[in-house]
Amino acid sequence: MATPKLSIDHFLSLNDAQCHERIVAAKKALGERLVILGHHYQREEVFKHADYTGDSLKLSRQAAQSGAEYIVFCGVHFMAEVADILSAPEQIAILPDLAAGCSMADMANLEKVEQAWRELSTIQAADEYITPITYINSAADLKAFCGSHGGIVCTSSNAQRVLEWAFSQRKKVLFFPDQHLGRNTGVRMGIPLEQIVVWDFDKPYGGLTQEEIKAAKIILWDGFCSVHQQFHAEHIDKYRATYPQGKVISHPECPYEVCQKSDEIGSTELIIKTVKASPPCTRWLIGTEVNLVNRLARESEAEGKFVHYMAPVVCMCSTMYRIDPAHLLWILENLLEDNIVNQIKVLPDIAAQARLALERMLEVSL
Ligand code: 13P
Ligand code: SF4
């Protein structure tokens with residue numbers, strides 16, 4: 001029988017070094033029953049305990065393949081939901097702090113998306129003409145909406161392949177919640193900006209005219225990431241004026257003007273791979289979250305490369321940062337007592353539809 005749950009209050013006063021030793025011991029005791037997945041934006045004190053690290057696509061694959069009884073996801077809520085959806089029913093997905101959400105994911109909800117779908121259907125039969133695509137940064141019920149309407153999920157590393165698949169199915173795309181990923185990918189595929197419109201979810205018909213909707217190839221949800229929104233084209237101009245030979249790489253959640261001025265665009269995993277594969281002495285300006293950039297800067301220094309952070313102010317993902325050593329330890333020591341805390345469980349009918357959309361994505365991005 002499980003012992004009473006250990007309260008988080010006993011853990012919050014521990015310092016990082018105390019947590020470190022106990023996390024290592026708990027991991028050892030749990031052995032193969034446990035896998036810890038860590039997103040690249042995690043702080044160092046947590047990231048170092050991850051068995052697997054990666055971007056959202058790599059970690060969702062890892063969750064689907066893992067045989068561990070407990071999948072502890074050091075990331076944000078939608079990632080733990082995906083781990084639950086893609087893992088076997090008996091496996092348990094856990095998010096160390098339930099307040100680790102994603103402000104961009106919260107910008108779209110089922111009610112607003114269904115309203116948009118209804119309104120679009122009065123102009124053209126949406127289920128015939130439009131493929132819904134949700135960025136993986138979204139709640140499970142939006143993935144389920146895509147699953148049940150012939151749609152699909154994408155991540156920042158497979159958005160182009162997913163869009164190509166979507167256009168092979170239907171003429172148009174409704175893309176939510178991140179407008180920047182949708183626009184940056186569409187433009188790279190050669191779709192003119194005039195055929196990419198933004199759906200203002202607070203206005204009837206997204207604030208668009210019938211003609212605008214009919215002429216559009218991509219209808220973008222008016223959502224964005226507050227972290228990546230803080231990078232601006234002027235930051236790149238200033239860097240290039242100082243380092244004309246320097247390279248620039250940005251995450252596709254950055255605004256259009258930033259991506260246009262960048263040499264490379266890529267997911268967190270691709271950013272790391274690109275910088276690591278570059279020759280010694282290469283200088284990089286990077287437009288993504290600060291924990292990743294700082295880690296890469298430290299690692300690159302040893303290889304004689306120079307890594308700069310794009311914004312003059314620190315743009316940290318405050319929800320990723322909620323996962324701290326104290327919460328991780330709290331989860332693990334409870335597991336040692338057979339107590340499961342902070343399990344993320346998606347309702348079975350939502351999970352089934354969401355899995356459809358996720359599996360379409362995994363197939364397309366092989
Ligand atoms: P990646 O898919 O690159 O890991 O991005 C996830 C994310 O939340 C970026 O803000
Ligand atoms: Fe969400 Fe932005 Fe944080 Fe990524 S960086 S988890 S998109 S708020």
Side-chain angles (χ1 to χ4, degrees), residues 37-43 46-47 50 52-63 73-83 95-109 133-139 142-143 153-162 175-182 184-185 221-231 249-255 258-259 262 264-275 286-296 309-311 313-323 344 358 361-362 365:
L37 305 181
H39 187 268
H40 291 305
Y41 292 166
Q42 288 293 296
R43 54 167 95 187
V46 169
F47 192 78
Y52 297 97
T53 59
D55 63 3
S56 44
L57 179 65
K58 191 170 162 192
L59 292 178
S60 37
R61 282 217 175 93
Q62 204 59 54
F73 215 124
C74 296
V76 288
H77 192 269
F78 70 82
M79 296 179 178
E81 277 189 336
V82 169
L95 182 66
D97 185 341
L98 294 181
C102 165
S103 54
M104 177 214 279
D106 294 342
M107 289 178 189
N109 62 48
I133 302 181
T134 188
Y135 188 22
I136 198 164
N137 298 36
S138 59
L142 292 183
K143 295 182 176 82
V153 178
C154 79
T155 75
S156 58
S157 57
N158 60 21
Q160 178 156 345
R161 280 182 185 213
V162 167
F175 190 100
F176 42 88
D178 185 25
Q179 61 166 291
H180 298 301
L181 176 64
N184 288 323
T185 312
W221 202 253
D222 193 7
F224 58 87
C225 165
S226 48
V227 176
H228 290 85
Q229 189 95 331
Q230 294 185 51
F231 301 118
I249 185 163
S250 303
H251 196 279
E253 287 175 17
C254 290
V258 169
C259 288
S262 299
E264 312 270 354
I265 303 166
S267 73
T268 54
E269 189 74 15
L270 193 88
I271 291 174
I272 295 166
K273 276 192 184 149
T274 307
V275 173
I286 304 187
T288 198
E289 206 265 355
V290 71
N291 279 293
L292 182 161
V293 181
N294 284 345
R295 185 177 309 118
L296 196 50
Y309 183 62
M310 193 176 283
V313 290
V314 169
C315 310
M316 186 185 66
C317 178
S318 56
T319 47
M320 285 274 183
Y321 197 69
R322 292 201 72 103
I323 311 295
I344 302 299
L358 281 161
M361 171 191 84
L362 292 174
S365 48

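Both counts, for ligands and for their atoms, begin at 1 and track the order of listing.
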* To do: Everything protein-side that's N, O or S and under 2.8 Å from atom 1 (Fe) of ligand 2: list it, residue and atom.
  => C102 SG
* Asked: Under 3.5 Å, is there a donor-acceptor pair between the H40 and T53 side chains?
  -> no
* List for me each residue that meets side-chain contact (heavy atoms from CB on, under 4.5 Å) alongside R43, sequence neighbours excluded, and say none if there are none. => E45, V46, N291, Y321, D324, P325
* **Any N or O of N137 closer than 3.5 Å to N or O of ligand 1** => yes
* Asked: Angle class for the F176/W221 ring planes (parallel below 30°, perpendicular above 60°, tilted otherwise)?
  -> perpendicular
* Output the list of atoms in ligand 1 that are nearer than 4.0 Å to some heavy atom of Y41, sorted by atom number. => 7 (C), 9 (C), 10 (O)
* Find out whether C74 and F47 are in side-chain contact, i.e. whether some heavy atom of one side chain is under 4.5 Å from a heavy atom of the other. => no
* Which is it for T185 and I265 under the side chain to side chain contact (heavy atoms under 4.5 Å, CB included) test, yes or no, and what are the steps along the way? -> CA-CA 10 Å; T185 312; I265 303 166; over 6 Å; no
* List the atom of C225, the atom of E253, and the distance in Å for their closest heavy-atom pair. => CB-OE1, 3.3 Å
* Pair H180, Q229: side-chain N/O donor-acceptor within cut-off below 3.5 Å -> yes
* Atom indices of ligand 1 within 4.0 angstrom of H228 heavy atoms, with elements -> 10 (O)
* To do: Would you mind listing which atoms of ligand 1 come within a distance below 4.0 Å of any non-hydrogen atom of S267?
  => 3 (O)
* Asked: What residues, two or more places apart in sequence or in another chain, satisfy side-chain contact (heavy atoms from CB on, under 4.5 Å) together with Q230?
  -> V313, C315
* For ligand 1, is H40 a contact, meaning one of its heavy atoms is under 4.0 Å away? -> no
* Mind checking whether E253 has an N or O less than 3.5 Å away from an N or O of ligand 1? -> yes
* Asked: Roughly how far, to the nearest 0.5 Å, is NE2 of H39 from CG of L292?
  -> 8.0 Å
* **Which segment of H39 sits under 4.0 Å of ligand 1 when only heavy atoms are counted** => side chain
* Which heavy atom of S250 sits nearest a heavy atom of I271, and at what distance? -> C-CD1, 4.2 Å
* When rounded to the nearest 0.5 angstrom, what distance separates OG in S157 from NZ in K273? -> 9.0 Å
* **ligand 1-proximal atoms of H251, by part, heavy-atom distance under 4.0 Å** => side chain
* To do: May I ask whether S156 has any heavy atom positioned less than 4.0 angstrom from an atom of ligand 1?
  => yes
* **Contacts of S56 that satisfy side-chain contact (heavy atoms from CB on, under 4.5 Å) - sequence neighbours left out** => M79, I136, T155
* Asked: To the nearest 0.1 Å, how far is atom 2 (O) of ligand 1 from its closest protein heavy atom, and which atom is that?
  -> S56 OG, 2.5 Å
* Asked: Does E289 come within less than 4.0 angstrom of ligand 2, counting non-hydrogen atoms of the residue?
  -> no
* For E269, is the nearest heavy atom under 4.0 Å from an atom of ligand 1? -> no
